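Heavy atoms only: backbone and side chains are in, while hydrogens, waters and symmetry mates are out. Each ligand, and each atom within it, is numbered from 1 in the order the structure gives. Quick caveat, the model's predicted, so the values are computed rather than measured.
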Amino acid sequence: MPLATASSLPRIALVGTGGTIAGAGVAEAGAPSAAYRAAVVSAADLVAAVPGLGLLAELHAEQLLQIDSVDFTDALLLRLARRVAELCAQPDVDGVVVTHGTDTLEETAYFLHLTVPSAKPIVLTGAMRPGTALAADGPANLLQAVAVAAHPSSGGRGVLVVMNEDIHSARDVAKVHALHVNAFASPHGALGLVLEGAPRWYRAVTRPHTTHSQFDAGALDALPLVGVVTSHGNQRPEPYQAWAAAGARAIVHAGFGGGTVPQSLRPVFEGLRARGVHLVRASRVGAGPVIRNASFDDDALDSVVCDDQNPPRARLLAALALTRVSDAAALQQVFWTY
Ligand code: ASP
């Protein structure tokens, strides 16, 4: 549907998907901060609750989903990516803001970064506190997300995440704190920040995204199954075998430090690889690259390293890659590229 507008303000489509930013809490004094329900306030009401938004942009809000982001599935990710791509293709849309729960925000942002072929600004935001909390962070985050999406300098930078006045690249950002409003960080630093209502940029990502990505949500019906197994002491083979039995085409091993693998798992990995299951070595640490053939013979085992991607994003990249390639060398190349 075209966004009819008579003003000269940038036209921003706002897609609501739920999360704490659309949450409402228990009003009694002394109620614990966790006593709220995510995904109950409509996208239109979120917009109406933020004075000043109308000065930044002509906003058109739609409610695509109303869920806690922990309930995102690959099918919903694809649905959202297709809708964002459709909106970006409309000549009367200058940018898109997606409101989203913070728990899986980094995964959705990365998926859109790789699969929406548009140079228009696409900005995700959320909140750590529901709108009914004292010092709720959602209204300011939404205002800043719209300010970034509406700004002419924001296009062509890939999908952006605006939280707590920082502008992060979807390639790098992760939720790193369970409660604080400054819960998001990027290992290589944020791209910039929102200063007096406008973005100020300090860096850019060098890896391909959006218009230069080989993946396109419009061409995908489903994603191959890829699982993640996180390392801990006394590691056992069963989770890996269960993923393989469920039909996983790849398993991301979120190993210790440099993606290390306990001796006891090496024959297990060999057996899985012989069955055609790819193994992608990542790290549970949350930052830093995993080095190929260091501490583990990737060449001999035909395994892949994730470069510097965290395990949830490595899952998505492996799944996207496996829609195009099937051998480990080509899968590795995708990780070096993105
Ligand atoms: N569980 C919520 C969600 O991800 C948390 C949040 O939004 O902060 O939807």
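A continuous path of hydrophobic side-chain contacts links Leu64 to Leu112 [ILVMFWY only; heavy atoms under 4.5 Å].
For the residue pair Asp299 and Asn293, a side-chain donor N or O sits within less than 3.5 Å of a side-chain acceptor on the partner.
Look at Arg82 and Asp216 and you find no salt bridge, because none of the NZ, NE, NH1 or NH2 atoms lies under 4.0 Å from a carboxylate O.
Between the Thr20 side chain and the Gly23 main chain, no donor and acceptor come within less than 3.5 Å of each other.
The CG atom of Asp45 sits 9.0 Å away from the CD atom of Gln63 when rounded to the nearest 0.5 Å. Separating the CG atom in Asn310 from the CG atom in Leu317 is a distance of 11.0 Å, to the nearest 0.5 Å.
Around ligand 1, the residues contributing at least one heavy atom under 4.0 Å from the ligand are Gly19, Thr20, Asp68, Ser69, Gly101, Thr102, Asp103, Ala127.
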